[in-house]
Amino acid sequence: MDDMFYIANWKSHKTEKEGEIFFDKLNSKIKEIDLSNKKIIIAPPFTLLGFCKRAINTHMIPVSLSGQNVSPFPEGAYTGEINAIQLKEFAEYVIIGHSERRKYFHEESNVIENKVREANEAGLKIIQCIQDENDLVFRGVGIVAYEPPSAIGSGNPDDPEHVSYVFDKVMKSYPDVKLLYGGSVNSDTIKNYLSIKTLSGFLIGGASLEAETFLGLLNG
Ligand code: PGA
């Protein structure tokens, strides 16, 4: 059986002190969880990647790191951007094309494509977000997270039947990708999706901010 991915997308949350509290709790509780066939990934803000990397190494916990975003450009004069090679020093994965980036930062398809290309060249594993079954998935993407905008942070998750329908459509065009669902996943809603045979995991926002709540999701 393939691993189920549980990806914590912290978005623009947490200071270093708050990250410390999260990891203290995570360390003490993670031993109680059956982690077979489960993969935990944390996507903190860039400012906390170094801290998270040290915390994971110090406590030797089976957690991988992801960026939430990456520059569409290589190294160079692009003030304020973090390029893929820089990100790869800290993270194994990167989330690209999240709908909050499209909505608030006007990220269009060509920008997403450039980010995917940069991330690929740097050897990052890519989690590309799609909003519906018609979104293009770019070459080199291994993981696709279906996140309908109306479900994100709204408490109004998509119907499992519809998620399954979207997954089937995506798989017809991109048979090799792993498929995740994201959008108001929490301890009440997560079990509704676990019976979808093509599901490889979840992208989790709000419910990933507290260690106990996040780890609780791994028990289904
Ligand atoms: P949410 O966010 O779990 O808070 O709905 C999910 C996401 O945007 O990745």
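Whatever order the structure lists them in is the order used to number ligands and atoms, beginning at 1. Scope of the values below: all heavy atoms of this structure, side chains included, with no hydrogens, waters or symmetry mates.
Counting protein heavy atoms only, atom 2 (O) of ligand 1 is closest to K11 NZ, 3.2 Å. At the top of the distance list for atom 9 (O) of ligand 1, counting protein heavy atoms only, stands E147 OE2, 2.8 Å.
Checked by distance only, ligand 1 and G205 come closer than 3.5 Å through their nitrogen or oxygen atoms. Taking distance alone, with nitrogen or oxygen atoms compared against 3.5 Å, S184 approaches ligand 1 more closely than that limit. In terms of polar-atom proximity, A207 is not counted as a contact of ligand 1, lacking any N or O under 3.5 Å from an N or O of the ligand.
With no hydrogens or angles considered, no side-chain donor-acceptor pair links K115 and S71 at under 3.5 Å. With no hydrogens or angles considered, no side-chain donor-acceptor pair links Q68 and H98 at under 3.5 Å.
With respect to R102 and E107, no salt bridge is recorded, no charged nitrogen being found less than 4.0 Å from a carboxylate O. With respect to E212 and K29, no salt bridge is recorded, no charged nitrogen being found less than 4.0 Å from a carboxylate O.
Taking the six-membered ring wherever Trp is involved, the centroid distance between the rings of F73 and Y78 falls below 6.0 Å.
Heavy-atom contacts of G206 reach the following atoms of ligand 1: 1 (P), 3 (O), 4 (O) (cutoff under 4.0 Å). Close approach of ligand 1 to G183 (heavy-atom distance below 4.0 Å) involves ligand atoms 5 (O). Atoms of ligand 1 lying under 4.0 Å from at least one heavy atom of H98, given by number and element, are 7 (C), 8 (O), 9 (O). Of all atoms in ligand 1, listed by their number and element, those nearer than 4.0 Å to a heavy atom of G153 are 1 (P), 4 (O), 5 (O). Within the listing of ligand 1, atoms 9 (O) sit less than 4.0 angstrom from a heavy atom of L203.
For the residue pair L179 and M171, the shortest heavy atom distance occurs at CD1-CG, 3.4 Å.
Note on ring orientation: taking the six-membered ring where Trp is involved, the planes of F5 and Y93 are perpendicular (angle over 60°, cut-offs 30° and 60°).
Only side-chain heavy atoms of N9 come within less than 4.0 Å of ligand 1; its backbone N, CA, C and O stay farther off.
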Exercise for the section: With side chain to side chain contact (heavy atoms under 4.5 Å, CB included) as the test, would you mind laying out the steps for L87 and V94 before giving the verdict? Expected result: CA-CA 8 Å; L87 179 58; V94 62; 3.6 Å; yes
